[in-house]
A.B. asks: 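Let me give you the structure first, and then I'll get to my questions.
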Amino acid sequence: MTPRKVVLVSTETVITSHGLRSLSSYLKVRGHSVRLVFMASHLRCFRPEAVLSLLELCEDADLVGISCYSQTSAKAAGLADALRGRGLPVVWGGCHASLVPERCLEHADFVCQGEGEEVLLDLVESLDDPDRIRGIRNLWTLGTDGKPRGNPLRPLLADVDSLPPQDYDFSTQFILRKDRELAPCDGTDIGAQSYREVLRRLGRKGFSVTISRGCPFACAYCFYSDFKRMYEGTGSPNLRRKSVPAAIAELRHYKETLGLDPDTHFISFDDDDFYCRPESELQEFCRRYAEEIGIPFGAHAHTNSLSEPKLRMLLDAGLRVATVGLQSGSERINREVYRRKGSAEETLRSAKLLRRFAGRLIAPPSYHVINCNPYESEEDVWETIRLFERLPRPFNIQIFQLTFFPNSDFSKRAIADGMISGEEEFGYEEHYYDAVSFVGRRKKYRYAWFVLNLLVGLHKGDRAGAVGTGTLRFLCRPLVRRFFERNSCFLPLLKWTFLLAYKHRRHADIRPLRMYYHKKEQV
Ligand code: B12
């Protein structure tokens, strides 16, 4: 097989890119040469110099792959057009391409739907044979009639242990500097996005990784529920966990090749629910992690998976930051709208459990909450606010505005239910921290949504996120609520208060990281 030159480009604003790094390694171990390009920029569209710089880098490529989430899909489309303008064949993949393959095919020669390793390899190895390309499963191409044509999906890889570690060979990686020019990656750029505030304050370097694929749940607002539906009938397993030996071997690989050090680094496990492994498996993982890796870490949990035995094991292994998906204080919204298991009482149980072990964490537990959901009644929003009052302090609240993704089941349902009118209200091109944009766009209960947004950050002592507890109590008074609800002309006042308070919010109260592996604290 002729070795091919492939360039893989990400338009995401962070350079974690687990998917793209995995694709790159998969091709490299099969003898192809790959360059990874991170077009990380917060601008709404790329500067012409940046596009030119990419075109230069791709000059001799046999194939260019583009990856993005829906957020930067417009930028990805622009790059794909420019690359094709130079006669370069372009394949587009990732969750956005999986949701709207026909739309992406307007800008690319091929679109990969779903998991990409085997698909990309098949494509790279069939570049001279259009007939073979047309038969590649998961691939969308234009038929001879000029209409988009998608092949059936192959089952998901069952053996995730066989995947090589993600590609962190900086000598073949490039990053956009100052929004203008591509420069070689120097390794200082890897980071754990999920805990960046914690890391900044600790002065530690982050590293993000996942040791599973998929999620045991299928919450309606997450792309993963669409992904599960797409793969129905293909005989694919839902959640694929790396075995303990394979996970540890991969972590050791990163530790050795990237010089990750327990004294200076922190690992962010990006798995949707790190606690979902069976207890015996988690115990084995934790034992080996403490012995062989020993780097403090953070991990996400679903309230249903969090249990005392699991939490103890993880703390002994080095868990120091815990994040938990709470989403809404309203059981109705969690169950009927988000299709999430778990009641408010279970959330409180998990919160109490975390509170008991708080001394072993370096930051208070962090709860994730979704705001600006048009399905909520105003009372549902206040119920979430009231739930915060019942959670044991201190804790940290992170608020994400509800985003609808194009062609997802959830957005179709919301349109059919009359909750949103169309794509102009989806908000997927915005950052889901951008409260002002979402509240303005959705309009429904601007007052309640603003108050909830004000609660982002640390809840401790007399603080309730970005405001004091006294201010919160004042804002929740029925008279004040009624005043703002009736006199919407005063809402901009609240918006500016929010912007100011948000700017000065304190995002976590962090203790210096203790050398837990020298001195094990007792709880
Ligand atoms: C880990 C994670 C993060 C991490 C790391 C992200 C990263 N780039 O690695 C962090 C915390 C940084 C993050 C951030 C965000 N995230 Co996020 N994240 C996830 C999570 C939990 C797992 C993603 C993952 O690593 N999957 C495993 C890898 C292997 O899969 P993959 O990336 O999809 O790649 C495979 C295929 O898609 C395909 N593929 C991908 N690219 C390409 C390219 C080519 C050419 C081909 C052929 C194939 C191909 O092959 C890959 C390998 O099989 C998912 C939820 C989930 N369960 O999927 C959400 C998810 C991906 N995130 C989401 C969102 C919205 C975001 C943000 C935009 C949120 C925001 N800020 O507003 C940011 C974007 C980052 C940025 N600013 O650019 C959405 C995306 C939905 C959508 N339609 O776009 C998801 C699906 C969650 C949800 N709400 O539904 N995220």
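First listed ligand is number 1; within each ligand, the first listed atom is number 1. Sequential numbering from 1 along the given sequence is applied to the chain's residues.
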A.B. asks: Got a salt bridge between Asp122 and Arg154, using NZ or NE/NH1/NH2 to carboxylate O under 4.0 Å?
C.D. replies: yes

A.B. asks: Could Glu376 and Arg442 be called an ion pair, given the rule that one side-chain N must be under 4.0 Å from one carboxylate O?
C.D. replies: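 Result for this pair is no, no salt bridge flagged.
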
A.B. asks: Does the plane of the ring in Tyr338 sit parallel, tilted or perpendicular to the ring in Phe410? Use 30° and 60° as the thresholds.
C.D. replies: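 Rings of Tyr338 and Phe410: perpendicular, over 60°.
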
A.B. asks: Among side-chain atoms of Tyr168 and Gln173, is any donor-acceptor pair under 3.5 angstrom?
C.D. replies: no

A.B. asks: For Lys341, look at atom NZ and say whether over 12 heavy atoms of other residues, nucleotides or ligands are found less than 6.0 Å away.
C.D. replies: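 Open: at most 12 neighbouring heavy atoms sit under 6.0 Å from NZ of Lys341.
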
A.B. asks: Would you call the rings of His368 and Phe400 parallel, tilted or perpendicular, where under 30° means parallel and over 60° means perpendicular?
C.D. replies: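 It falls in the perpendicular class, over 60°.
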
A.B. asks: Just the distances, no angles: every ligand 1 N or O to protein N or O pair closer than 3.5 Å, one line each.
C.D. replies:
from	atom 1	to	atom 2	distance (Å)
ligand 1	8 (N)	Glu12	OE1	2.5
ligand 1	8 (N)	Ser17	N	3.3
ligand 1	8 (N)	Tyr69	OH	3.2
ligand 1	9 (O)	Ser17	N	3.2
ligand 1	9 (O)	His18	N	3.0
ligand 1	39 (N)	Gly94	N	3.4
ligand 1	41 (N)	Ser67	OG	2.7
ligand 1	50 (O)	Gly116	N	3.0
ligand 1	53 (O)	Gly116	N	3.1
ligand 1	53 (O)	Glu117	OE1	2.7
ligand 1	53 (O)	Glu117	OE2	3.4
ligand 1	53 (O)	Arg213	NH1	3.3
ligand 1	57 (N)	Asp272	OD1	2.9
ligand 1	57 (N)	Asp272	OD2	3.3
ligand 1	71 (N)	His431	NE2	3.0
ligand 1	72 (O)	Tyr432	N	3.1
ligand 1	77 (N)	Thr13	OG1	2.3
ligand 1	78 (O)	Thr13	N	2.6
ligand 1	78 (O)	Thr13	OG1	3.0
ligand 1	83 (N)	Ser70	OG	2.8
ligand 1	84 (O)	Ser70	N	2.6
ligand 1	84 (O)	Ser70	OG	3.2
ligand 1	90 (O)	Phe223	N	2.6

